**Student:** 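I am attaching a structure below and will ask some questions about it afterwards.
Note that these values count all heavy atoms, side chains included, but never hydrogens, waters or copies made by symmetry. The structure presented is a predicted model; accordingly, all values stated were derived computationally and were not measured. Throughout, a chain's letter reflects where its sequence line sits, starting with A, and its residues are numbered from 1.
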2 protein chains.
Amino acid sequence: MPVSPAYRGEVTDDSADAQPRVPARRGRPGYGREEVLDVAVRVFTEQGYDATSIADLSKELGLTKSALYHHFASKEQLLALALERALSGLEGALERAIEEQATAADRLRAAVRGAIEVLTSQQSYVTLLLRLRGNSPVELDALDRRRRFDQRIAGLVREAQAEGRIRDDIDAGTVARLVFGMINSLVEWYRPGGAIDPVLLADDVLAVALDGLRPR
Amino acid sequence: MPVSPAYRGEVTDDSADAQPRVPARRGRPGYGREEVLDVAVRVFTEQGYDATSIADLSKELGLTKSALYHHFASKEQLLALALERALSGLEGALERAIEEQATAADRLRAAVRGAIEVLTSQQSYVTLLLRLRGNSPVELDALDRRRRFDQRIAGLVREAQAEGRIRDDIDAGTVARLVFGMINSLVEWYRPGGAIDPVLLADDVLAVALDGLRPR
DNA sequence: GTCTATAGAATGATAGAC
DNA sequence: GTCTATCATTCTATAGAC
């Protein structure tokens, strides 16, 4: 079912003297780039990128196909923008973790929490990233950037092993892949607004990864 | 690049008096249902099911499209057969685990090992199953069957918690999803014939899941 | 009048059915 | 191999808010 576009003129602020959060938009009201991208990414993750046609998106938005092309140059550009958002979110969380923590083990822990935060708050975008098959240059680029992210995580694991705060009888790359495999699998079943709090979920993930399932 | 079809007549056995492993096939030599399915599943997992056309498959096999339709009624039937194989493999491993082990904790451990064994030996088939989006009745059926499998695993976790052999401060469903999320993520990077032995890999997975990453 | 969002019709390419 | 539906995309023109 089509979603009604939000008219920018209706966006108001509670405080009387506040500046508008978004600069007033002139011209005919309707969807903006942001809203179209959000819907597109949601449909992409529901049906798959390849299986989704521009016609599908226009039906979902209640627009014609040509109206969509006013917002985006191509279907592939929609994908590229979505992947950029997912990757910059994850990379940003990793950089904050490195900045704010002193030891590799603490950085790793913070990186896990950060990744789960990004994954739960931008679920559709991250899901899209995780399902890439590398069928186009855009996808290959994103996959490569993701590979570099994974390598930075593996580096953290290696340092934490050297610190003696992570067991070193398992290869660092394997540890990184297993832990992030567990994290990434959250996109398959976590539902925003559901019963599960993202922070408590991160607690559970860290509990399993660090302490294991054996009873205390 | 096309793969040469194996002529059944060339399949021999080392021992002189052995029965042929496969009954001799009459008629024009060429691909059998099995070989076509194998190639199709590999291409599906490489490019994605939706992104793969029948023309892609025929190019890969060096056959015409009509020759392919001699082996299969539809693209969807190829998918259905592949999913059946993946699901029966996983279900079989679970049933063996339940049969051969006495306690829930041991059954769970054996189920983890069995799932990893199936995943590594039938990687393409399991990968296809894990990437389903539910876009057709065939996919919905498979997703439902997979959901029942997951519920049986969660049941094992619950029993193992009741036995006191698995920590019970984390919800059983969550534990099952996290552990199998970790296992399923293996399809993303495990490569058959590579440096990593599947049995040792299962050791690592169980080590992380049961004992965690903290040093001994 | 200016700016933005949207429509409608048409094109070339390709995939899947038969 | 042929046929037809569907796909992504483009062009030109209009509608509505300031």
**Student:** Please list all pairs passing the ring pair (Phe, Tyr, Trp, His ring centres under 6.0 Å) test where one or both residues lie in residues 184-206 of chain A, with sequence neighbours left out.
**Tutor:** none
**Student:** Can you check each nucleotide of nucleotides 4-13 of chain D against protein heavy atoms at under 4.0 Å and return B for base, S for sugar-phosphate only, - for none, in 5' to 3' order?
**Tutor:** ---SBBBB--
**Student:** Measure from CD on B:Gln77 to C1' on C:dG16 and round the result to the nearest Å.
**Tutor:** 16 Å
**Student:** Rounded to whole angstroms, how far apart are CG on A:Leu68 and P on C:dG8?
**Tutor:** 14 Å
**Student:** Which ring pair (Phe, Tyr, Trp, His ring centres under 6.0 Å) pairs, counting each pair once, include a residue from residues 119-148 of chain B, with sequence neighbours left out?
**Tutor:** none
**Student:** Enumerate the ring pair (Phe, Tyr, Trp, His ring centres under 6.0 Å) contacts for residues 76-100 of chain B, please, sequence neighbours excluded, ordered by first and then second residue.
**Tutor:** none
**Student:** Please tabulate, for the side chains in residues 174-188 of chain B, all donor-acceptor contacts under 3.5 angstrom to protein atoms that are two or more places apart in sequence or on a different chain.
**Tutor:**
from: B:Thr174; atom 1: OG1; to: B:Asp171; atom 2: OD2; distance (Å): 3.3
from: B:Asn184; atom 1: ND2; to: B:Phe180; atom 2: O; distance (Å): 3.1
from: B:Ser185; atom 1: OG; to: B:Met182; atom 2: O; distance (Å): 2.7

**Student:** How close or far is atom P of D:dG16 from atom OH of A:Tyr31, stated in whole angstroms?
**Tutor:** 17 Å
**Student:** Using whole Å, what does the distance between atom P of nucleotide C:dT4 and atom CG of A:Leu63 come to?
**Tutor:** 17 Å
**Student:** Tell me the ring pair (Phe, Tyr, Trp, His ring centres under 6.0 Å) pairs involving residues 45-101 of chain A, sequence neighbours left out?
**Tutor:** A:Phe44-A:Tyr49
**Student:** Round to a whole Å and report the spacing from CD of A:Glu34 to P of C:dT4.
**Tutor:** 17 Å
**Student:** Specify the closest pair of heavy atoms between A:Pro198 and A:Ile116, including all atoms of both residues, with the distance to one decimal.
**Tutor:** O-CG2, 4.1 Å
**Student:** Between atom CZ in A:Arg28 and atom C1' in D:dA17, what is the gap in whole Å?
**Tutor:** 10 Å
